[in-house]
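Down below is the structure, laid out as structure tokens.
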Amino acid sequence: MTATHALVDIGNVLLGFDFEPALKTLVPNQATNEAKARVDRLLTRKDDFETGRLAEDEFISWASDQLEFTGRADEFRSAWNSIFLPIDEMWKAIKELKNDGLTLILFSNTNSIHAASFRRRYEIFDHFDHAVFSHEVGSMKPDEHIYRHAIAEFGLDPATTLYLDDLSENIATGERLGFRCHRYNFEDHPAFLAWLEDNR
């Protein structure tokens, strides 16, 4: 059965990421072990931000307190957005899927700061037709609600929808709902290409 749609995760699929180096630059005396501890404390509320339970301004204020960062909100946003690096091999594959006529849908646990930034900054996002973001839906993968939202919103047939994600728990939900799933590992891109050859 020919695939018609693809749900595509962002983190470690389209963009690699690492929070610690960027956010440590906001911490006074960043060379100390305390800097890492402060970044770790900040990330304890990332899920609240990524499900929309915590508003953007509220998160920035709280996060700045955790880091002891006293600069401007736009400086925090700049550091928060500088955690990403493109995964070039996957970008090439996404363009090929678009050329094949698939409807491409971003499907990501993310937040309002990142969502606004990476869609401006990286041209790969121009190839996507739609997006399902956790902070807008109020639910995060692997919870079924966000998957069912995508199905209802775009009339998806899971049997003809590819689903790419890097986390096994997210893939498990996708498989349970009948999607054609691949757990992506950017260190083994050929495994993805072999899977794609059998599923496109």
Side-chain angles (χ1 to χ4, degrees), residues 6-27 30 35-54 56 59-60 62-64 66-67 69 71 73-95 97 104-128 130-137 139-143 146 150 163-174 181-189 191-192:
L7 290 178
V8 183
D9 184 29
I10 296 174
N12 286 331
V13 177
L14 295 174
L15 301 173
F17 68 93
D18 188 352
F19 281 96
E20 186 176 328
L23 296 180
K24 280 176 69 173
T25 65
L26 302 178
V27 181
Q30 58 189 269
K36 182 182 186 308
R38 289 186 177 279
V39 171
D40 289 345
R41 285 199 294 274
L42 180 160
L43 295 178
T44 63
R45 296 205 69 189
K46 183 173 70 72
D47 286 1
D48 289 335
F49 188 30
E50 293 194 342
T51 52
R53 292 192 295 266
L54 195 61
E56 184 173 311
F59 175 74
I60 291 173
W62 178 85
S64 295
Q66 300 310 304
L67 299 174
F69 171 65
D74 64 309
E75 293 175 300
F76 177 89
R77 287 188 180 90
S78 179
W80 183 252
N81 286 330
S82 66
I83 68 170
F84 298 109
L85 286 173
I87 299 176
D88 294 327
E89 289 180 311
M90 180 55 82
W91 285 27
K92 180 180 177 182
I94 290 297
K95 292 173 184 177
L97 289 176
L104 303 182
I105 303 169
L106 295 167
F107 189 59
S108 181
N109 291 342
T110 191
N111 56 79
S112 56
I113 300 176
H114 284 161
S117 172
F118 55 54
R119 295 174 96 177
R120 287 194 311 265
R121 184 175 177 186
Y122 300 106
E123 58 89 13
I124 192 61
F125 294 101
D126 295 338
H127 296 274
F128 284 82
H130 307 291
V132 177
F133 293 146
S134 59
H135 70 283
E136 295 177 341
V137 176
S139 171
M140 293 180 70
K141 298 176 293 183
D143 186 87
I146 191 169
Y163 171 37
L164 312 178
D165 203 294
D166 68 310
L167 296 180
S168 59
E169 58 267 32
N170 297 345
I171 289 294
T173 301
C181 302
H182 178 76
R183 183 183 177 191
Y184 184 68
N185 177 357
F186 62 83
E187 294 180 340
D188 190 7
H189 189 74
F192 162 69

Please round to the nearest 0.5 Å and tell me the distance separating atom [atom1] of [X] and atom [atom2] of [Y].
{"X": "L23", "Y": "D18", "atom1": "CG", "atom2": "CG", "answer": "9.0 Å"}
{"X": "E187", "Y": "I87", "atom1": "CD", "atom2": "CD1", "answer": "10.0 Å"}
{"X": "T25", "Y": "E75", "atom1": "OG1", "atom2": "CD", "answer": "10.0 Å"}
{"X": "L7", "Y": "H130", "atom1": "CG", "atom2": "NE2", "answer": "11.0 Å"}
{"X": "Y184", "Y": "E89", "atom1": "OH", "atom2": "CD", "answer": "6.0 Å"}
{"X": "D48", "Y": "R53", "atom1": "CG", "atom2": "CZ", "answer": "4.5 Å"}

Are the side chains of [X] and [Y] in touch, meaning some heavy atoms are under 4.5 Å apart?
{"X": "D9", "Y": "L164", "answer": "no"}
{"X": "F192", "Y": "M90", "answer": "yes"}
{"X": "I60", "Y": "S64", "answer": "yes"}
{"X": "I94", "Y": "F128", "answer": "yes"}

Just by modelled atom types, is the [Y] backbone N or O under 3.5 Å from a matching donor or acceptor in the [X] side chain?
{"X": "N109", "Y": "K141", "answer": "yes"}
{"X": "S82", "Y": "A79", "answer": "yes"}
{"X": "S134", "Y": "E50", "answer": "yes"}
{"X": "K46", "Y": "N111", "answer": "no"}

Which heavy-atom pair separates [X] from [Y] by the least distance, and what is that distance?
{"X": "L15", "Y": "W91", "value": "CD2-CZ2, 4.0 Å"}
{"X": "G16", "Y": "N12", "value": "CA-OD1, 3.7 Å"}
{"X": "D166", "Y": "V13", "value": "N-CG2, 3.9 Å"}
{"X": "N170", "Y": "Y163", "value": "CB-OH, 3.4 Å"}
{"X": "D165", "Y": "L167", "value": "OD1-N, 3.0 Å"}
{"X": "P142", "Y": "E169", "value": "CB-O, 3.4 Å"}

#### Entry: Pairing residues for S112 by the side-chain hydrogen bond (donor to acceptor under 3.5 Å, both in side chains) criterion, not counting sequence neighbours
E56

### side chain to side chain contact (heavy atoms under 4.5 Å, CB included) against D188, all qualifying residues, sequence neighbours excluded
N185, P190, A191

### Summary
Residue pairs passing the salt bridge (charged side-chain N to carboxylate O under 4.0 Å, His left out) test with at least one member in residues 104-115, sequence neighbours excluded, are none

### Task
Considering only NZ, NE, NH1 and NH2 on the basic side and carboxylate oxygens on the acidic side, decide whether D40 and K36 come within less than 4.0 Å.
yes

### Task
Quick one: do F133 and I10 satisfy side chain to side chain contact (heavy atoms under 4.5 Å, CB included)? Show the steps, please.
CA-CA 10 Å; F133 293 146; I10 296 174; 4.0 Å; yes

#### Entry: Derivation and outcome, side chain to side chain contact (heavy atoms under 4.5 Å, CB included), residues I146 and F107
CA-CA 9 Å; I146 191 169; F107 189 59; 3.9 Å; yes

#### Entry: Non-neighbouring partners of F49 that pass ring-ring contact (aromatic ring centres under 6.0 Å, His included), sequence neighbours left out
F59

### Summary
Those residues at least two apart in sequence (or on a different chain) that pass ring-ring contact (aromatic ring centres under 6.0 Å, His included) with F76 are W80

### Task
Could you give me the CA-CA distance, side-chain angles and deciding distance for I83 and H114, then say whether side chain to side chain contact (heavy atoms under 4.5 Å, CB included) is met?
CA-CA 10 Å; I83 68 170; H114 284 161; 3.7 Å; yes

Pairs under 3.5 angstrom only: tabulate donor-acceptor contacts from the side chains of residues 116-123 to other protein residues two or more places apart or in another chain.
| from | atom 1 | to | atom 2 | distance (Å) |
| --- | --- | --- | --- | --- |
| R120 | NH1 | A116 | O | 3.2 |
| R121 | NH1 | N81 | O | 3.1 |
| E123 | OE2 | K95 | NZ | 3.1 |

### Task
Go through the steps for L14 and L106 under the test side chain to side chain contact (heavy atoms under 4.5 Å, CB included), then give the verdict.
CA-CA 10 Å; L14 295 174; L106 295 167; 3.7 Å; yes

